[in-house]
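Because only heavy atoms are used, hydrogens play no part in the values below, and waters and symmetry mates are left out as well, while side chains stay in.
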Amino acid sequence: MTPADLSRTVLHAVRRAVDENALRAPVPARVRVERTRPGGSGDYACAVALQLAGPAEMPALEVARILRERVAAEPGIGRVEITGPGFLSFTLDAPSDSDLGVLHAVREQGIAYGHGGALRDEILQFHHAREVRAAVTAHAVRRLLVSQGARVRISCDEAGDPEWSRLGVTVDAYGTPPVPLPRIRPVPAGTTAGELLERLGADAVRWGLLRPAGHDRAPLGDDLLVQGEANPLFRVRYAHARARALTRGAAALGFTSEPGDSLEPVAHEGADPTAHKGAALAPYESAYAAHKGAEPLAHAAATPSPPPEPPARPLLDLLADHPGVLLAAARHRAPDRVARQLEAVAHAFFDFHDSCPPLPSGDEKPSAAHRSRLALAEAAGTVLAGGLSLLGISAPAHL
């Protein structure tokens with residue numbers, strides 16, 4: 001069960017309680033669930049009972065009890081607790097169930113993973129000045145809103161700069177609108193699209209304009225072109241290219257991450273305990289289980305120090321959070337949130353990749369552990385490609 005699934009499950013429980021007359025309150029448009037904070041209980045927490053207590057004219061604890069009865073029986077929910085003044089805390093059946101759902105969703109939806117219909121009833125129009133950062137930001141905001149189902153129209157004070165087309169910017173109308181419209185007003189770039197394109201190129205320009213929050217100045221120096229770890233744009237695109245290179249390397253070695261791809265598991269000390277499970281589940285189950293502290297490589301047993309924090313966990317959590325990040329970025333008209341999410345995914349990808357190589361080395365043969373790692377690496381590459389696409393930035397397979 002993904003966070004989005006859990007949110008829908010809780011919302012469904014609210015609707016059932018209202019339909020059954022156990023709760024007299026308006027059904028909210030959405031229910032927000034968050035990862036439990038340090039020291040909290042369960043995997044996720046939700047404050048919907050506190051939200052509904054006033055309209056229902058009931059104590060929040062009583063609202064929470066009504067909802068707990070209806071959520072606890074749902075598939076994928078292991079335990080529901082009431083904490084504090086009326087928070088609902090959810091423990092999923094098993095962490096791997098959530099991970100399985102995320103990886104399956106990424107595989108099935110591709111770069112559209114995280115797109116949805118939460119805003120499908122919204123018809124929006126925005127207006128911006130004839131300025132390059134405002135134009136690029138408005139275009140990215142449109143992409144984000146459309147990815148969540150909204151219909152969006154963009155207008156500009158006056159005829160746009162012809163160079164905007166090289167940045168993928170489109171404007172639906174020009175001139176002063178007949179009625180006041182919400183405006184996209186980032187801090188101006190202080191230069192023209194032509195100058196930026198000549199010096200940096202389209203991808204670096206869009207990243208430089210969109211990565212900072214709209215109220216911050218956009219740094220547009222030549223460091224955006226540095227081909228090194230210090231450049232966040234390079235790191236994000238290189239993580240994507242590396243993920244694609246892993247797929248090519250695995251194909252050259254004769255295996256894939258597909259669940260039906262049978263392998264002859266290699267028995268060795270420290271091997272992944274799920275390596276001999278059925279082919280349909282091993283690629284994904286071991287992506288979680290193999291990194292609970294045991295490194296399924298032959299040299300791992302020779303390391304006397306305690307095992308590090310499971311390197312797969314941060315990456316899996318970020319992939320699970322991606323749909324929520326896209327929706328929040330759309331709601332808040334904040335493409336910078338997507339850029340920061342991509343940076344976090346790239347960082348977690350390299351930590352995972354370096355600790356748990358998805359490809360065998362030396363005389364190793366491909367095993368189920370390698371296949372599971374490859375599945376996670378490919379999912380990260382897909383999320384990076386999808387996020388870059390929403391920002392209008394290319395995701396090369398070779399870099």
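- Using a 4.5 Å cut-off on side-chain heavy atoms (C-beta onward), Pro232 and Arg340 make no contact.
- When every heavy atom of Ala22 is checked against every heavy atom of Arg70, the shortest pair comes out as CB-NH2, 3.5 Å.
- Looking only at atom types and distance, the side chain of Thr382 has no donor-acceptor partner in the side chain of Arg107 under 3.5 Å away.
- No more than 12 heavy atoms of other residues, nucleotides or ligands lie within 6.0 Å of CD in Glu198, so this atom counts as exposed by the packing criterion.
- Considering only heavy atoms from C-beta on, Val106 stays 4.5 Å or farther from Glu378 through its side chain.
- The aromatic rings of His322 and Tyr113 sit parallel to each other, their planes meeting at less than 30°, with 60° as the upper class boundary.
- Atom CD of Glu20 is surrounded by more than 12 heavy atoms from other residues, nucleotides or ligands within 6.0 Å.
- Counting heavy atoms from C-beta on, the side chains of Leu88 and Val33 never come closer than 4.5 Å.
- Rounding to the nearest 0.5 Å gives a distance of 8.5 Å between CG of Asp336 and CG of Leu210.
- A donor-acceptor pair is defined here as one N or O able to donate and one able to accept, closer than 3.5 Å; no such pair exists between the side chain of Arg206 and the backbone of Gly168.
- The two atoms that bring Ala379 and Leu103 nearest to each other are CB-CD2, 3.6 Å, heavy atoms only.
- Within the 3.5 Å criterion, the main-chain N or O of Ile184 finds no donor-acceptor partner in the side chain of Arg333.
- In this structure, Phe87 places its CZ atom where only 12 or fewer heavy-atom neighbours from other residues, nucleotides or ligands lie under 6.0 Å away.
- With hydrogens and angles ignored, the 3.5 Å screen pairs no side-chain donor or acceptor of Arg244 with any backbone N or O of His398.
- When every heavy atom of Ala25 is checked against every heavy atom of Pro55, the shortest pair comes out as CB-CB, 4.1 Å.
- Side chains of Thr9 and Glu74: a donor-acceptor N/O pair is absent below 3.5 angstrom, by distance only.
- Side-chain contact check for Glu229 versus Phe350: every heavy-atom pair is 4.5 Å or farther apart.
- Although no hydrogens or angles enter the test, the distance criterion places a donor-acceptor pair under 3.5 Å between the side chain of Arg130 and the main chain of Ala159.
- The salt bridge (charged side-chain N to carboxylate O under 4.0 Å, His left out) contacts involving residues 343-354 comprise Arg211-Glu343, where partners must be two or more places apart or lie in separate chains.
- Counting heavy-atom neighbours within 6.0 Å of Arg151 CZ, excluding the residue itself, gives a total of 12 or less.
- The shortest side-chain heavy-atom distance between Pro212 and Arg133 falls under the 4.5 Å cut-off.
- The environment of CZ in Arg24 is sparse: at most 12 heavy-atom neighbours from other residues, nucleotides or ligands sit within 6.0 Å.
- Atom NE2 of His370 and atom CG of Leu246 lie 11.0 Å apart (nearest 0.5 Å).
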